[in-house]
Number of protein chains: 2
Amino acid sequence: MKLPQGFGAYVANIGIKDATNDFTLVVADKICAAAGVFTQSRFAGPSIVLSRENIANNQAHAVVVISKNSNVATGEEGLNNAREVVAGVAKAIGCDTKHVLIASTGVIGRQYPMKNVRAGLAAIPKTFVNTSADDVALGIMTTDTVHKVAESVVAGSSARVVGVAKGVGMIEPNMATLITLLFTDAQLEKTDLDKIFRRVIDKTFNCVSVDTDTSTSDTAIILASGVAGAVDLAKFEAALYQVALSLTQQVARDGEGAEKLIEVCVDGSRDERQAKLVAKSIVNSPLVKTAVHGADPNWGRVAMAIGKCSSEHDIDENQVVIRFGIQEVYPSFVDASGLAELSKYMRGDTVRIHVTLNTGAAECTVWGCDLTDGYVRINADYTT
Amino acid sequence: MKLPQGFGAYVANIGIKDATNDFTLVVADKICAAAGVFTQSRFAGPSIVLSRENIANNQAHAVVVISKNSNVATGEEGLNNAREVVAGVAKAIGCDTKHVLIASTGVIGRQYPMKNVRAGLAAIPKTFVNTSADDVALGIMTTDTVHKVAESVVAGSSARVVGVAKGVGMIEPNMATLITLLFTDAQLEKTDLDKIFRRVIDKTFNCVSVDTDTSTSDTAIILASGVAGAVDLAKFEAALYQVALSLTQQVARDGEGAEKLIEVCVDGSRDERQAKLVAKSIVNSPLVKTAVHGADPNWGRVAMAIGKCSSEHDIDENQVVIRFGIQEVYPSFVDASGLAELSKYMRGDTVRIHVTLNTGAAECTVWGCDLTDGYVRINADYTT
């Protein structure tokens, strides 16, 4: 898959951890409209601090990603190192440091190997002829098992939206995901881009949870080169939504140890907040996640997960409807042949849980994955 | 272990699921001061509804527990069945139905086998000569691997506090735990008992989490027979705390698949709410739980779990101190020999994580367990 017009990349190994690519730079032909959302963690890393500062005016020229080391909980030295990376990139491409965004992901609490980083900065080329979005997606990976890319065309125009994402664990983004970079050659006012971006992220990356753990490095950034000209804003939002949705589902499906994608839709809700609260409670329940792993249509655990939203006094167990796929399981029970059918459905690679609260008309859909022995082994055996 | 003076029990198998005891009745010699706290779940079962109603005046004569079936999400029929059990018990012991408490635990969404239940009610004896707290603890078990009992003497008196508890999964009580029954022969005013009970439960059972899932059946009840006479209230509270603390730790240690007890103490906190929020975030983090399982002193995951409490704007990563046991790991790093020592500590059967926030002077301690392949297997293979 190609990046949209107006962008080029440089992806290299600079020896952060092993021989795989760990230094990824995407450079626009000129300053772009840009928007970004970042982790709300109280332990946010220096990359977050700098990028948040630099994107405040909704403009950017380049984004650099260092993978395999998150540069988090590294104190003053870590902040200075991040500044040095941003300055090195700005110098190499000839722009102001405030137009360079940075993201970093990997182990927490370790300093960058700065000798290697300095050599890497010195090796940045003068031109950026690589236009492969796949190379960018591969460069930002840490323990992902597959790289994640998606694209969509803005209807009625030649503009495209292309996105990449990474992240398999420590995934319950609060305002963004581990790292996702989105690019478009559509031309947009920066304030429009910012508004549309936040709306779309809120319905996609902010609705995914692998393990309820929120990363210290969550970053979502979009750059718009403008090369393809102006577009209809609603159509652009639809295209961006398609790309973000695809990346969100790819992240959930590639969750650590995951074997199944879980989609939870809550509708008939008082408001979106309530729908999201209940949907997250279901998709995050270890008992629901293990039931899906075991292909067990155990709706009692879904009822439990709805029930534990104890703040929602208008939820009445006698009004709630629970379905696996399109099959209602509560309050109408299924007979033995229905259960056999359901178990067959639950052995598929995507399980949809659909709950109607009957407290209103709002809805929300969230994504997650099953909880497997693999998740435990990956995270118990991963040594600091 | 014996029940306190003034209580007798009847424990039997009435054929709810298999041949193990599933019907447990504890009867006081006369009406007792009593207190109870119950699940806040929106899917609370009829046992909760009836017991909450019956304990409203802080008096009780008996408590009956049916195990292996929770009688939850069973509609009007389930409520009528629970009423029939309460009425049957009241008739057998000759008291008002409003002085009988009921708790139930087990599979969700299935009606009691009422033919068996009726035969069981008819078989209740006239006298209650069994005074074994162990028999009571064994009778209320479902999938627990060990029974849980604890006792303490009220200092300066002959009064005792004895408690039993059950519960291994779906454990993050919100106002109570799965089921815990406490008995004392101390004599207390019912309003004093109620106040003391709520304070103690809040520091013990409301501070345990096996898997973040809140049961639909959580029930904690205490009955005071008064046979041992009046006691000093502070000393009684201390004795009750010891019993509740022991049961809480027993519940955490027997969590589904658990191999280690995790104790998280957060101090130097702005207030108790903040300390509990951060402590729960740590003890519930799947990444912290798997790190403990793997005996990995991965303090970065503890930092992550603190960081995701994004509502706490006064938490500053530069002021936080993290320790495993008594060994500081952040901000002072440990060297290689220190890490080897720590890994040895983490291979023990209890791991203490101690965080100082330096936002104030409050503190809170919570308990949980590691996340293991065993948890996944138990819950993926358990079929409805």
Side-chain angles (χ1 to χ4, degrees), chain A residues 39-44 70 72-73 75 107-109 169-170 172 174 211-216 284-287 290-291 293-294 296-301 303-310 312-313 315-318 320 330-331 333 339 370-373 375-384, chain B residues 39-44 70 72-73 75 107-109 169-170 172 174 211-216 284-287 290-291 293-294 296-301 303-310 312-313 315-318 320 330-331 333 339 370-373 375-384:
Chain A
T39 185
Q40 296 296 310
S41 172
R42 304 301 304 156
F43 265 81
S70 70
V72 164
V107 67
I108 291 174
M170 211 176 273
E172 181 169 14
N174 182 6
D211 56 9
T212 78
D213 276 343
T214 305
S215 163
T216 48
N284 280 331
S285 158
L287 291 172
T290 47
H293 180 51
D296 178 12
N298 191 333
W299 62 265
R301 296 186 183 173
M304 176 279 301
I306 300 166
K308 74 175 174 171
C309 300
S310 55
E312 306 308 291
H313 299 292
I315 297 180
D316 175 356
E317 64 169 280
N318 298 308
V320 170
Y330 175 88
F333 298 98
L339 270 178
D370 55 342
L371 174 60
T372 68
D373 317 51
Y375 180 87
V376 175
R377 290 273 48 98
I378 290 167
N379 287 301
D381 299 343
Y382 179 97
T383 308
T384 46
Chain B
T39 184
Q40 296 297 311
S41 172
R42 304 302 302 156
F43 265 81
S70 71
V72 164
V107 67
I108 290 174
M170 210 177 271
E172 181 169 12
N174 182 6
D211 56 7
T212 77
D213 275 343
T214 305
S215 162
T216 48
N284 280 332
S285 158
L287 290 171
T290 47
H293 180 50
D296 178 11
N298 191 332
W299 62 264
R301 295 186 184 175
M304 175 281 300
I306 300 166
K308 74 175 174 170
C309 300
S310 55
E312 306 308 292
H313 298 291
I315 296 179
D316 175 356
E317 64 169 283
N318 298 309
V320 170
Y330 175 88
F333 298 98
L339 270 178
D370 54 341
L371 175 60
T372 68
D373 317 53
Y375 180 88
V376 175
R377 290 272 49 95
I378 289 167
N379 287 300
D381 299 343
Y382 178 99
T383 309
T384 47

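Keep in mind that the numbers below use all heavy atoms, side chains included, and drop hydrogens, waters and symmetry copies. Letters A, B, ... are given to chains in the order of the sequence lines, protein chains preceding strands, and every chain is numbered from 1.
- With chain A as partner, the option from B:T372, B:V72, B:V376 having the largest number of non-hydrogen pairs under 4.5 angstrom is B:V376.
- Across every non-hydrogen atom of A:R301 and B:N379, the tightest pair is NH1-O, 3.0 Å.
- Rounded to the nearest 0.5 angstrom, B:W299 CH2 and A:I108 CD1 are separated by 7.5 Å.
- No other option in A:G75, A:A303, A:A291, A:A44 has as many heavy-atom pairs under 4.5 Å with chain B as A:A303.
- Residue with the most contacts toward chain B among A:T290, A:I306, A:I315, A:L371: A:T290 (heavy-atom pairs, distance under 4.5 Å).
- Each of B:E317, B:K308, B:H313 was checked for a side chain to side chain contact (heavy atoms under 4.5 Å, CB included) with A:R42, and the lone residue meeting it is B:H313.
- Options B:P286, B:A73, B:G294 differ in how many heavy-atom pairs under 4.5 Å they form with chain A, and the most are formed by B:P286.
- The CG atom of B:D373 lies 13.0 Å from the OH atom of A:Y375; values are rounded to the nearest 0.5 Å.
- Heavy-atom distances place the side chain of A:V320, and not its backbone, under 4.5 Å from chain B.
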